[in-house]
Amino acid sequence: MSVNRELAKVFEKFATILEISGANAFKINAHIKVARVIEDLVEDIAAVEDLSSLPGVGKSSIAKIKEYLKTGEIKELGVLLDSIPAGLLDLMQVQGLGPKTVRRLWQEMNVVDIPTLKEAIADGRLESMPRMGMKTISNIADSLAFLEVASKRTRIGDAMPIAEMIIDTLLAIQGVSKIEFAGSLRRGKDTIGDIDILATTTKPELLAQSFCTFEGVIKVLVRGDTKCAVRLVCGMQVDLRIVEENAFGAALMYFTGSKEHNIMVRELAIKQNMKLNEYGLFDSTETCVASKTERSLYENLGLQYIPPEIREGKQELALEETPKLIQLKDILSDLHDHTIASDGHLTIVELAEEAKKRGFHTIAVTDHSQSSVQANGLSPERLVQHISEIKKANEEISGINILAGSEVDIHSDGRLDYEDDLLAQLDIVVASPHSALKQDSSKATARLLKAIEHPLVHIIGHPTGRVIGKRPGLDPDMPTLFAAAAACNTAMEINANSWRLDLRDTQVHAAIDAGALISINTDAHAACDFDQLRYGILTARRGWLTPEKCINCFSFDHLRAWLARSC
DNA sequence: GCCGTTTTCGGCCCGACTGTTTTCAGTCG
């Protein structure tokens with residue numbers, strides 16, 4: 001685990017213990033904010049010279065960070081940890097249990113962890129607690145059972161189709177006029193906690209009823225007049241909010257978040273003597289100034305419209321001009337794709353036809369190199385043969401340019417998997433790490449740096465090799481890599497596959513800041529993989545990418561000239 | 001604990017729903 005992630009966890013732990021201890025809520029929030037800032041930091045926290053330049057990080061947090069970096073622990077946290085049973089932290093993960101209840105369970109019922117909570121439920125002790133009725137106990141038992149089987153977050157590639165399916169179905173219900181998803185899904189995060197859906201309808205009862213009895217619903221968690229929440233058989237929670245049509249924009253903005261963005265915008269409203277909530281923007285006389293559209297709300301606050309993907313409570317309000325973020329339609333080529341020559345399911349021709357359907361002017365055939373034995377990587381001899389087949393297909397098929405390329409393995413020491421004279425025969429070289437993905441940070445940095453600086457490499461494919469929820473991948477010093485990528489004119493990939501989304505959003509932002517170019521590719525192995533491009537676009541937008549910084553948006557002539565560039 | 005273009009002290013976003021009460025605390029987002 002990277003030190004940033006470790007330290008972020010430490011601050012999260014701090015916050016949770018403070019909560020249980022009944023500390024000041026703002027102090028708790030301050031710790032959560034520090035955790036988030038550290039987690040989102042692209043550079044190593046140890047390399048940050050002026051910690052006070054980080055927003056939300058004050059004197060006390062700086063001392064804690066320095067102590068942790070020096071000694072690997074924070075004494076104050078140790079003291080706090082000794083003051084409560086460690087298992088209480090697990091209890092805080094149970095849905096419906098908050099700090100107050102956890103504290104009461106501990107002090108009044110001697111419940112110190114999940115096993116003792118289960119015992120207390122089983123032997124009926126819990127029923128003797130004040131304000132602890134059968135329904136509450138049953139809900140706790142249900143949450144405990146759910147906690148054991150459910151993973152915490154869902155990849156966007158799984159959540160998005162579910163949300164779209166629910167929306168399509170609900171839209172057909174009588175009275176429903178408008179329906180959209182909000183939350184982290186609308187902001188395009190790589191993983192989603194739960195799905196938030198907003199709707200307007202003339203028949204709220206019918207909509208709520210249809211939603212709560214939707215196929216796949218296994219439990220109704222909340223059933224109110226304007227808010228319903230259900231759990232699906234796949235484990236995901238879906239919230240439905242029924243709002244007035246006139247307030248749809250305000251509600252959409254509110255439920256899209258992020259929480260941090262909302263707080264910033266609300267504070268701005270207060271400064272202007274106004275109030276913002278999910279019903280609208282109100283002036284000092286409680287008159288509604290704006291509510292129907294998000295745009296009208298931002299504009300009445302003196303802001304430009306802020307796209308959902310960058311509403312993360314960072315610098316988005318300070319912008320003089322909102323960047324024209326990249327869109328799906330800006331993508332004109334896919335430069336990292338596989339065929340049946342290695343582990344893909346399409347022939348060269350089928351791949352090219354599919355790319356044509358998507359409106360691309362160029363597709364690159366980049367099958368695996370020889371070391372990727374598990375993926376049927378091509379020997380040098382097979383690659384030579386493959387190049388001639390690609391060139392032949394390029395001549396035969398009109399309406400699309402097919403580039404002969406390779407996804408060449410970057411060995412653990414940074415060497416590439418083919419000799420230079422073979423690589424020089426290719427139109428495009430994507431260099432990617434596939435093995436030794438647990439090597440330490442300094443080795444990973446040296447390894448990727450060597451590939452970035454290699455004059456025949458155009459793109460670094462899925463730079464960390466992470467697989468979301470399964471393996472963290474490499475943890476190189478990203479600022480060093482991005483500076484080199486900018487200097488060498490090597491593009492860094494956003495692999496659009498929703499298992500990868502590698503680079504991730506914060507890294508894309510840092511890469512662009514460093515002056516590096518980005519390439520968004522589907523890494524398609526089958527026709528349906530092209531549909532994953534939208535997740536790459538969302539990640540790119542979260543990283544504030546504009547089309548001119550993305551080589552896939554170049555015209556064919558521009559791309560050809562760029563590919564011929566010297567390092 | 002953090003922060004400051006009215007504040008270095010006194011603020012810090014705000015409402016819905018549930019379960020248990022009988023007017024509201026706790027949790028969630």
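So that the names make sense, note that chain A is the first sequence line, chain B the second, and so on, each numbered from 1.
Between the C1' atoms of B:dG10 and B:dG15, the separation comes to 24 Å (whole Å). With both ends at atom C1', the span from B:dG11 to B:dA16 equals 25 Å, rounded to whole Å. With both ends at atom C1', the span from B:dG19 to B:dC12 equals 30 Å, rounded to whole Å. Distance noted for atom C1' between B:dT21 and B:dG26: 13 Å (whole Å). On the P atoms, B:dC13 is 16 Å away from B:dC2, given to the nearest whole Å. Across the C1' atoms, B:dT23 and B:dC17 are found 16 Å apart, a figure rounded to whole Å. Distance check on atom C1': B:dC14 versus B:dT7 gives 23 Å, rounded to whole Å. Annotation: B:dC3 and B:dT8 have their C1' atoms spaced 9 Å apart (nearest Å).
Pairing for B:dC9 goes to B:dG4, judged as Watson-Crick or G-U wobble with the two contacts each under 3.5 Å.
Within the structure, side-chain hydrogen bond (donor to acceptor under 3.5 Å, both in side chains) contacts touching residues 533-545 of chain A (residues at least two apart or in different chains) are A:E164-A:R534, A:E309-A:R541, A:E312-A:R542, A:D505-A:R542. Sequence neighbours left out, the pairs with a member in residues 244-256 of chain A that pass side-chain hydrogen bond (donor to acceptor under 3.5 Å, both in side chains) are A:R186-A:T256.
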Check residues 127-142 of chain A and write down every donor-acceptor pair under 3.5 Å in which the side-chain atom is one partner and the other belongs to a residue at least two apart or another chain.
{"unit_1": "A:S128", "atom_1": "OG", "unit_2": "A:R125", "atom_2": "O", "d": "2.6"}
{"unit_1": "A:D142", "atom_1": "OD2", "unit_2": "A:R231", "atom_2": "NH1", "d": "3.2"}

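Position along DNA chain B of the nearest nucleotide to A:R223 versus A:K27 favours A:K27 as the more 5'-ward residue. A residue-by-residue look at A:Y279 and A:A30 shows that A:A30 has its nearest nucleotide of DNA chain B further toward the 5' end.
At the heavy-atom level, A:D194 lies under 4.0 Å from the strands shown only through sugar-phosphate atoms. Across all strands, A:V34 comes closer than 4.0 Å to no nucleic acid atom at all (heavy-atom distances). The residue A:K275 sits close only to the backbone: its heavy atoms come under 4.0 Å of sugar-phosphate atoms, none of a base.
For the pair A:K118 and A:D113, the salt-bridge criterion is not met [side-chain N within less than 4.0 Å of a carboxylate O]. A salt bridge is defined here as a Lys NZ or Arg NE, NH1 or NH2 lying under 4.0 Å from an Asp or Glu carboxylate O, and A:R311 with A:E316 fails to meet this definition.
Using a 90° window around 0 for the glycosidic torsion, B:dT7 falls inside it and is classed as syn.
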Could you walk me through whether A:R5 and A:E39 pass the salt bridge (charged side-chain N to carboxylate O under 4.0 Å, His left out) test, one step at a time? CA-CA 6 Å; A:R5 184 79 201 103; A:E39 187 165 11; 2.9 Å; yes
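With A:F248 as the aromatic partner, A:K178 meets the cation-pi criteria of under 6.0 angstrom to the ring centre and within 45 degrees of the ring axis.
To the nearest 0.5 Å, the span separating CZ on A:F181 from CG on A:L240 amounts to 14.5 Å.
The footprint of chain A on DNA chain B, defined by a heavy-atom cutoff below 4.0 Å, extends from B:dG1 to B:dG29.
Looking at residues 126-141 of chain A, you'll see A:R131, A:M132, A:G133, A:M134, A:K135, A:T136, A:N139 sit with a heavy atom under 4.0 Å from some atom of DNA chain B. At a non-hydrogen distance threshold of 4.0 Å, A:Y254, A:K259, A:I263, A:R266, A:E267 from residues 251-269 of chain A come into contact with DNA chain B.
When each of A:T293, A:L281, A:L276 is checked for a side chain to side chain contact (heavy atoms under 4.5 Å, CB included) with A:M253, only A:L276 meets the rule.
When all heavy atoms of A:A250 and A:L297 are compared, the closest pair comes out as CA-CD1, 3.4 Å.
A:S441 and A:D475 share no side-chain donor-acceptor pair at under 3.5 Å. For the 3.5 Å distance criterion, the side chains of A:S498 and A:R155 qualify, holding a donor opposite an acceptor.
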